[in-house]
4 protein chains.
Amino acid sequence: MFSRVKEITRIAREIIHSKGYQATSVNDIMAAANIGKGQFYHYFQSKHDLGLAVVEDLVKDWEEQLITSILNDSDDPVTKLNRMLIWVETIHAKMEIKYGCPIGNLAIEMSAQDDEFREKIEKFFNQWVNSVSVVLTEMIKNDQLDESIDPQKNAESIVAMIEGGILLSVSQQNIQILKDIFKVIKQQYHLN
Amino acid sequence: MFSRVKEITRIAREIIHSKGYQATSVNDIMAAANIGKGQFYHYFQSKHDLGLAVVEDLVKDWEEQLITSILNDSDDPVTKLNRMLIWVETIHAKMEIKYGCPIGNLAIEMSAQDDEFREKIEKFFNQWVNSVSVVLTEMIKNDQLDESIDPQKNAESIVAMIEGGILLSVSQQNIQILKDIFKVIKQQYHLN
Amino acid sequence: MFSRVKEITRIAREIIHSKGYQATSVNDIMAAANIGKGQFYHYFQSKHDLGLAVVEDLVKDWEEQLITSILNDSDDPVTKLNRMLIWVETIHAKMEIKYGCPIGNLAIEMSAQDDEFREKIEKFFNQWVNSVSVVLTEMIKNDQLDESIDPQKNAESIVAMIEGGILLSVSQQNIQILKDIFKVIKQQYHLN
Amino acid sequence: MFSRVKEITRIAREIIHSKGYQATSVNDIMAAANIGKGQFYHYFQSKHDLGLAVVEDLVKDWEEQLITSILNDSDDPVTKLNRMLIWVETIHAKMEIKYGCPIGNLAIEMSAQDDEFREKIEKFFNQWVNSVSVVLTEMIKNDQLDESIDPQKNAESIVAMIEGGILLSVSQQNIQILKDIFKVIKQQYHLN
DNA sequence: CATGAATGAGGTTTCATTCAT
DNA sequence: TATGAATGAAACCTCATTCAT
């Protein structure tokens, strides 16, 4: 089913999510994937190469799951935003918020160190913000939201609240704060 | 004058801010502080020890600058929130948003790996949230804010928006997105 | 041919014998074996790991040479004890008694510090004592030794005399004292 | 009462006994003696210097306690050898045989590495052997021992049995084996 | 495709000793 | 006498990567 490259990328994705990119060693990945040195360097040119593959894989998945399947769907905009919040909460509830947002973490760890990582991450966040912005615009058209609201800036705020909420939840190792913030989002944007 | 320990802590604070804790080597600090190996371990028991000292120093400073001097001040609540936003923006404008929030970064890098780091960081965020919560309560009392607003949850949201906004700005290496978010905060909480 | 692991173990065995375990650095072994840092840690998980491998190798060799080939042989018991003394003397004469007993040294250096070392060493000495005890029992059966002799306690004494004799010889850097003690053993147990 | 030098020497003596000379750091001693770097190097030229002081202190004590007060005493020779065995057993029973013979340990650790240590240790063992030899000669004169016994060689054997017995007891962390050996000594030399 | 031996720079830490005060 | 800052070599170990088979 999966190619070997995909398989290794997936395994690396989990480890990098839990330990960070720099703290993850090629050995960690080899051990988890049950492959030897030669194998690894056969499939990937370098650790950096693998790191980028992980980000791409992550971004591709989330584009499908979040952008395409939820935000760009033909649902009612309110439904779409609610589905987005549920999707985020489900992900983090599953792993008990312990390790935070896989992409947000890499954004912080790598943005200042490596432009290739940064650009891929930036692209994802841009898509996310833009899709939310479109949804907000729909809401305004539908009179579900006041037209004084700037869709772009408010989309940025919503994404920021989610990422910041995850950060705060991680620092408390408790998902409650993220749930609180979702309530505020729902109130502010009339999602109930 | 600074003590030598304080001096090294300050130097390490900058390096850790720009590279992260794990990617910062004791050698980096030695070189920047112009001290030898032995000297470093004369002042600090371990790199971990230094890391904690850096977090403490950071937290102490920000408690003074943000919590005590701004949020717990006797100013009008609207003024206080505005001063908070200016304070945040000034910090990040100075370093061109390149490296993100020194405490938020450590929250993400260290929370899942080390409880000692996590607790110190959690404590700071709790204070920040609580102080904002008190300010929002004042605003409600003053009829500057609708009483349907839950001060605690909205305080969490505001801090999350700031931290998330910094994250997004870092991923774009551009402070504009943080400024956009500040505009939304001002609109939502009537700070103009 | 030796495997590389075996080869390094042998080299380390000599160095550890002459300097002791703690005073032997991984660098010493690397230099003697002509390998790099990484290579050493490719073959051994840690210096401790290598130390245990050295003890095992040593014990295995001596079990074969002393326990199996000499003491558990089908010779006359007197012949076996004499062969044992010759075997011990030969080993120490070869290296001019300079460094003492490789196992006795580690017993003293490591027993109180590390249970893994201690247990392997204890097991060897137990086997040695037990084999000598069996030989003494044979002698009693053959009327070569008075039946008032307790085989176990006298076996312990004989091994103690040998190890203690090596210790005294080392402290004088002169094998004569060990030879003197062997004469006493021969007289006490009628080995002439 | 004690001079400072003596006090530090005593503290170091205990630590070196339990960890060995090489594994004992100057810091360990400073910490245990509650003194600073400067203090230490005021009283001792180097760690080596302290090590020699420890051996001297040890040897001086044991010369008094064992050689002078017991073996060179005017008691009956049988009594003197019995008192010697009791003295040895008492010392090791007190510390549950854990760390072995302070002098025997140093003999093994240092003899091949450092002639200054070696000579001091050799001198002590020589005195011990010679004193026992004199006692055995007395016994022969008193017809308490057969005149075919060579006093010098048998004295060496007795000391070897004691040191070797301690070694075996340490490797089992159990003093029983030393007690067994004492029974054999008593039987062989008619000390009951 | 695959193995794992080899490399060497660099990681954190400890050490004995010296020096300025 | 006494303090503790400073030094730098060397300790154990990990790492990403390359190479021979």
Side-chain angles (χ1 to χ4, degrees), chain A residues 3-5 8 21-31 33-51, chain B residues 3-5 7-8 19 21-31 33-51, chain C residues 3-5 7-8 19 21-31 33-51, chain D residues 3-5 8 21-31 33-51:
Chain A
S3 74
R4 208 73 218 282
V5 169
I8 298 170
Y21 171 77
Q22 316 228 38
T24 298
S25 74
V26 172
N27 261 31
D28 289 338
I29 292 156
M30 280 163 41
N34 237 311
I35 54 171
K37 279 266 144 90
Q39 275 280 54
F40 180 87
Y41 282 95
H42 173 70
Y43 290 120
F44 300 95
Q45 283 192 306
S46 63
K47 182 188 170 186
H48 186 249
D49 196 38
L50 166 75
Chain B
S3 76
R4 209 70 219 281
V5 168
E7 196 182 329
I8 297 170
K19 302 179 59 166
Y21 170 77
Q22 317 225 44
T24 298
S25 75
V26 173
N27 261 13
D28 290 338
I29 293 156
M30 279 163 47
N34 236 306
I35 56 171
K37 279 253 146 98
Q39 200 51 5
F40 177 87
Y41 284 93
H42 177 66
Y43 289 115
F44 299 93
Q45 283 193 305
S46 62
K47 183 189 168 185
H48 186 247
D49 196 40
L50 166 75
Chain C
S3 75
R4 209 73 217 282
V5 169
E7 198 183 327
I8 298 171
K19 303 178 59 166
Y21 171 77
Q22 316 226 42
T24 298
S25 75
V26 172
N27 261 14
D28 290 338
I29 293 156
M30 279 163 45
N34 236 306
I35 56 172
K37 279 257 144 98
Q39 200 51 4
F40 177 86
Y41 284 94
H42 177 66
Y43 290 115
F44 300 94
Q45 284 193 305
S46 62
K47 182 188 169 187
H48 186 249
D49 197 39
L50 166 75
Chain D
S3 74
R4 209 71 218 281
V5 170
I8 298 170
Y21 170 76
Q22 316 227 41
T24 298
S25 74
V26 172
N27 261 31
D28 289 338
I29 292 155
M30 280 162 43
N34 236 311
I35 55 171
K37 278 267 145 89
Q39 275 280 56
F40 179 88
Y41 282 95
H42 174 68
Y43 289 120
F44 300 95
Q45 282 191 305
S46 63
K47 183 189 170 187
H48 186 249
D49 197 38
L50 166 75

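By convention in this document, chain letters (A, B, ...) are assigned in the order of the sequence lines, proteins followed by strands, and residues within each chain are numbered from 1.
- Counting non-hydrogen atoms under 4.0 angstrom, C/Y43 reaches the backbone sugars and phosphates but no base.
- Distance CZ (B/F44) to C1' (F/dA6): 15 Å, rounded to an integer number of Å.
- In this structure, C/Y41 reaches the F/dC13 phosphate: one of its side-chain N or O atoms is under 4.0 Å from OP1 or OP2.
- Residue D/V26 places its side chain closer to E/dT17 than to any other of E/dC1, F/dC13, E/dT17.
- Straight-line distance from the CG atom of D/L50 to the P atom of E/dT17: 10 Å, rounded to whole Å.
- Side-chain nitrogen and oxygen atoms of A/Q39 include none within less than 4.0 Å of the OP1 or OP2 phosphate oxygen of E/dC1.
- Residue C/S25 places at least one side-chain N or O closer than 4.0 Å to OP1 or OP2 of F/dA11.
- In this structure, C/Y21 and B/G36 both approach DNA chain F, and ranking their closest nucleotides by distance from the 5' end singles out B/G36.
- If you take CD of D/Q22 and C1' of E/dA16, they are 13 Å apart, rounded to a whole angstrom.
- Remark on DNA chain E: of its neighbouring residues B/M30 and A/I35, the 5'-side contact belongs to A/I35, judged by nearest-heavy-atom nucleotide.
- Distance alone, capped at 3.5 Å, places no donor-acceptor pair between the B/K37 side chain and the B/N27 backbone.
- As a whole-Å value, the separation of A/K47 NZ from F/dT17 C1' is 12 Å.
- With hydrogens and angles ignored, the 3.5 Å screen pairs no side-chain donor or acceptor of D/Y43 with any backbone N or O of D/G38.
- Between D/R4 and D/Q39, some side-chain heavy-atom pair lies under the 4.5 Å cut-off.
- Phosphate proximity of E/dG4 to C/R4: absent, as no side-chain N or O sits under 4.0 Å from OP1 or OP2.
- Separation of atoms CG (C/N34) and CD1 (C/I29) is listed at 13.5 Å; rounding is to 0.5 Å.
- As rounded to whole Å, 9 Å separates atom P of E/dT3 from atom CG of A/N34.
- Annotation: side chain of B/V26 is in contact with side chain of B/Y41 (closest heavy-atom distance under 4.5 Å).
- Formation of a donor-acceptor pair under 3.5 Å by the A/K47 side chain with backbone atoms of A/Y21 is found in this model.
- In this model, the phosphate group of F/dA11 is approached by a side-chain N or O of C/N27 to a distance below 4.0 Å at OP1 or OP2.
- A pairwise comparison of heavy atoms in D/I8 and D/A33 identifies CG1-CB, 4.4 Å as the closest pair.
- The distance between atom CZ of B/F40 and atom C1' of E/dG11, rounded to the nearest whole Å, is 13 Å.
- Computed from coordinates, the A/I29 CD1 to F/dC15 C1' distance equals 12 Å when rounded to whole Å.
- Under the 4.5 Å side-chain criterion, counting only non-hydrogen atoms from C-beta, B/F40 is in contact with B/L50.
- Of the P atoms belonging to F/dT21 and E/dC1, the separation is 23 Å, rounded to the nearest Å.
- With the 3.5 Å cutoff on both pairing distances, Watson-Crick and G-U pairs in DNA chain E assemble into runs of at least 3 at E:2-21 with F:2-21.
- Within 4.0 Å (heavy atoms only), B/K37 reaches at least one base atom of the nucleic acid.
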